[in-house]
Amino acid sequence: MTTWAADKDVPLIQNVLGYESQSLNGAWNYIVDVQEEGYYDYRMNPTRWGFFQNAKPQRPEDLIEYDFDKSPTMQIPSDWNTQDEKLFFYEGTVWFYKQFNSQFSTLNSQSERALLYFGAVNYDAHVYVNTQHVGHHIGGFTPFNYDVTDLLKEGVNTVIVKVDNKRHAEDVPTQIFDWWNYGGITRDVKLVKVPAVYLEDYNLQLMKADAKAKNREISFSAKLNQPKAGEQVTLRIPELKIEKTFTTDAEGKVAGIVTPSLRRGKGEAFSLWSPENPKLYQVKISVGVNTVEDNIGFRTIETRDKQILLNGQPIFLKGISIHNEKPNGGGRANSAEDARTLLSWAKELGCNFVRLAHYPHHEEMVREAEKMGILVWSEIPVYWTIAWKNPKTYENAKQQLTDMIARDHNRANVIIWSIANETPHSPERDTFLGNLAQYARTLDNTRLISMAMEVTGASNYVNRLNDNMNKYVDVVSFNQYIGWYRDVNDAPKMKWEIPYNKPVIISEFGGGARYGLHGPKNQRWTEEFQENLYEQNCAMLDKIEGLAGTTPWILKDFRSPRRVLPGVQDYYNRKGLFSDKGEKKKAFYVLKKWYEGK
Ligand code: GCB
């Protein structure tokens with residue numbers, strides 16, 4: 001039986017796109033393993049026949065009951081639910097297998113390393129390279145990587161991934177959630193060539209200007225993948241005339257402040273990133289002779305009383321919530337093109353902001369939004385009835401938060417980290433989320449923290465937000481469904497009281513309509529019903545004191561196993577302003593008009 005190698009897990013590399021890589025996307029063979037026959041024997045002990053061994057009969061009498069090479073293939077990245085019609089509702093284990101000739105099999109391991117990188121695998125993944133176990137990852141929406149340098153060989157190599165997307169009460173997300181549990185290797189897979197000493201992380205942020213500050217300063221920090229003192233790390237931002245060399249400390253870290261040396265008289269202004277001006281600067285960071293490049297924008301984000309300030313100026317966040325689904329039909333979105341289509345719809349609606357619900361979306365969603373001047377709310381799937389008392393659940397949520405922030409903390413457009421959605425109140429929940437919020441600040445104290453709360457226990461027409469988490473968040477956000485889960489005629493009578501001196505975002509409102517279904521405005525599922533709901537809600541929101549933005553629910557109809565009504569839902573949540581095929585419903589124009597006036 002194969003021995004399990006030491007875990008090859010290494011912390012997530014910053015800016016994986018900045019390195020030479022070999023894509024392992026494409027056709028992978030797969031075996032659907034309903035009872036995990038390829039993993040456990042008939043006593044539920046690890047089996048000696050494990051599929052990860054990719055065994056082949058050596059003699060005529062040999063018993064091998066699987067064969068990857070003869071198994072069907074599917075394109076990776078993808079979700080198996082839309083790739084194989086038999087797997088539409090499937091939740092369980094599927095084994096994936098790929099053969100490849102490594103471009104990086106002859107590295108000098110003293111100076112170069114190869115990382116095997118996954119953009120995301122939903123939900124529980126065991127990874128094997130050339131039959132050796134390299135790691136185990138849980139969490140369906142964040143990237144991870146392994147150092148596989150010593151396992152690669154010349155000629156044919158194999159990678160096998162056991163993916164299990166069964167839901168469990170103690171997982172993050174938990175057992176129930178209102179979106180499709182798409183399984184599989186849902187984002188890019190690649191081998192990445194890195195120097196033996198590389199930048200595991202770096203961080204560039206524009207510092208908040210005090211009233212007098214004319215020259216804006218940029219804070220810079222970086223960390224090597226090894227605690228190596230005395231390494232030279234050079235930061236260059238040519239357009240800002242910045243070039244500075246730092247020397248690592250005993251932990252392999254550097255930190256400092258750099259200032260653009262521009263001459264304004266010569267028209268050399270420091271251009272801050274904003275929706276109107278999504279300026280990105282080319283940044284080069286070198287460790288010795290190795291350089292990584294990124295494009296980074298600079299802006300500040302803060303709050304003052306009930307206002308959100310971008311670059312010191314109040315901004316109203318004209319947003320929309322989005323699920324990470326393909327623009328046409330269901331299925332996980334996973335390309336830059338998918339991202340551009342979805343985001344261009346948001347732009348057409350007049351948005352300067354998107355809520356990427358309810359989990360980290362693929363990296364291109366954030367990067368494309370950054371180029372298009374769209375601000376982002378990014379979230380982890382701490383959703384509904386999480387197992388608040390379970391320490392492993394907390395560690396899982398914390399890891400997903402860590403990796404979300406690690407991947408995107410150099411993106412200027414990301415302004416809010418959201419730690420939860422619609423969670424039921426209890427002391428255990430407060431402890432869990434309070435700790436998570438405080439932890440998020442230790443990772444990134446430059447952005448705003450929020451979470452989608454609920455207003456519970458409204459008395460008559462007075463809704464008073466009362467959530468112990470108010471002290472941990474910078475922005476108070478809540479979901480409300482007047483007109484859908486409560487009568488639309490209540491909207492004009494509603495009073496909203498938010499007793500906290502913080503900006504307010506309505507993180508969800510909306511209602512369902514089947515595209516093309518028409519009728520009177522009180523007939524549920526018609527476009528007119530949804531249109532009226534938006535009209536009433538927009539008028540109601542205008543009366544909320546301190547409203548700093550909104551992200552209605554939702555851009556596009558999305559797949560959900562909870563939405564079963566035949567002929568209407570057919571396993572789609574129909575609250576989209578666009579149908580699942582990208583057709584605009586009437587409510588789209590109501591919101592667009594409202595945003596034009598903002
Ligand atoms: C919510 C949830 C969202 C659901 C939505 C709905 O409050 O946050 O995930 O999809 O309501 O459609 O009911």
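Both ligands and their constituent atoms are indexed starting at 1 by order of listing. Atom set for the values below is all heavy atoms of this structure, side chains included, hydrogens, waters and symmetry mates excluded. Note that this is a predicted model, so its numbers are computed, not measured.
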Worksheet item: So, Phe578 versus Trp345, ring centres under 6.0 angstrom or not?
Response: yes
Discussion item. Name the residue from Met540, Arg464, Lys543 that meets the side-chain contact (heavy atoms from CB on, under 4.5 Å) definition with Trp496.
Written reply: Met540
Practice prompt. Report the part of Asn573 (side chain from C-beta onward, or backbone N, CA, C, O) that has a heavy atom under 4.0 Å from ligand 1; answer both or neither where that applies.
Written response: side chain
Worksheet item: Under 3.5 Å, is there a donor-acceptor pair between the Asp201 and His409 side chains?
Response: yes
Practice prompt. Below 4.0 angstrom from a heavy atom of Phe558, which ligand 1 atoms are there? Numbered from 1 as shown, please.
Written response: 10 (O)
Worksheet item: Which residue holds the protein heavy atom closest to atom 6 (C) of ligand 1, what is that atom called, and what is the gap in Å?
Response: Lys575 NZ, 3.3 Å
Item to complete: Taking the side chain as every heavy atom from C-beta outward, state whether Lys392 and Val172 have any atom pair closer than 4.5 Å.
Response: no
Fill in: Pair Tyr394 + Phe432: ring centers closer than 6.0 Å
yes
Worksheet item: Taking atom types as modelled and ignoring hydrogens, do the side chains of Asn479 and Glu422 form a donor-acceptor contact shorter than 3.5 angstrom?
Response: yes
Worksheet entry | Trp179, portion touching ligand 1 at heavy-atom distance under 4.0 Å | neither
Worksheet item: Is the Tyr359 ring parallel, tilted or perpendicular to the His361 ring (thresholds 30°, 60°)?
Response: parallel
Worksheet item: Numbering the atoms of ligand 1 from 1, which are under 4.0 Å from a heavy atom of Tyr383?
Response: 2 (C), 3 (C), 4 (C), 9 (O)
Item to complete: For Arg563, take its heavy atoms, then give the atoms of ligand 1 lying under 4.0 Å from any of them.
Response: 6 (C), 12 (O), 13 (O)
Fill in: Sub-4.0 Å heavy-atom approach of Trp484 to ligand 1
no
Item to complete: Would you mind running through ligand 1 and noting each atom that sits below 4.0 Å from a heavy atom of His358?
Response: 3 (C), 8 (O), 9 (O)
Discussion item. Closer than 4.0 Å to some heavy atom of Asn479 - which atoms of ligand 1 meet that?
Written reply: 7 (O), 8 (O)
Worksheet entry | Residue, atom name and distance, where the atom is the protein heavy atom closest to atom 10 (O) of ligand 1 | Asp178 OD2, 2.5 Å
Item to complete: Could you list which atoms of ligand 1 come closer than 4.0 Å to a heavy atom of Glu508?
Response: 1 (C), 2 (C), 3 (C), 5 (C), 7 (O), 8 (O), 11 (O)
Practice prompt. Please could you name the atoms of ligand 1 that Glu422 approaches to less than 4.0 Å, counting only its heavy atoms?
Written response: 1 (C), 2 (C), 7 (O), 8 (O)
Worksheet, complete the sentence: With Lys326 as partner, the option from Asp580, Asp557, Asp338 fulfilling salt bridge (charged side-chain N to carboxylate O under 4.0 Å, His left out) is Asp338
Practice prompt. Evaluate the ring pair (Phe, Tyr, Trp, His ring centres under 6.0 Å) criterion for residues Trp553 and Trp179: first the C-alpha distance (whole Å), next the side-chain angles of each, then the deciding distance (0.1 Å), finally the verdict.
Written response: CA-CA 13 Å; Trp553 195 254; Trp179 68 83; 9.1 Å; no
Worksheet item: For ligand 1, which part of Trp553 has a heavy atom less than 4.0 Å away: the side chain, the backbone, both, or neither?
Response: side chain
Response to the item:
Quick note on ligand 1: atoms under 4.0 Å from a heavy atom of Tyr485 include exactly 6 (C), 12 (O), 13 (O)
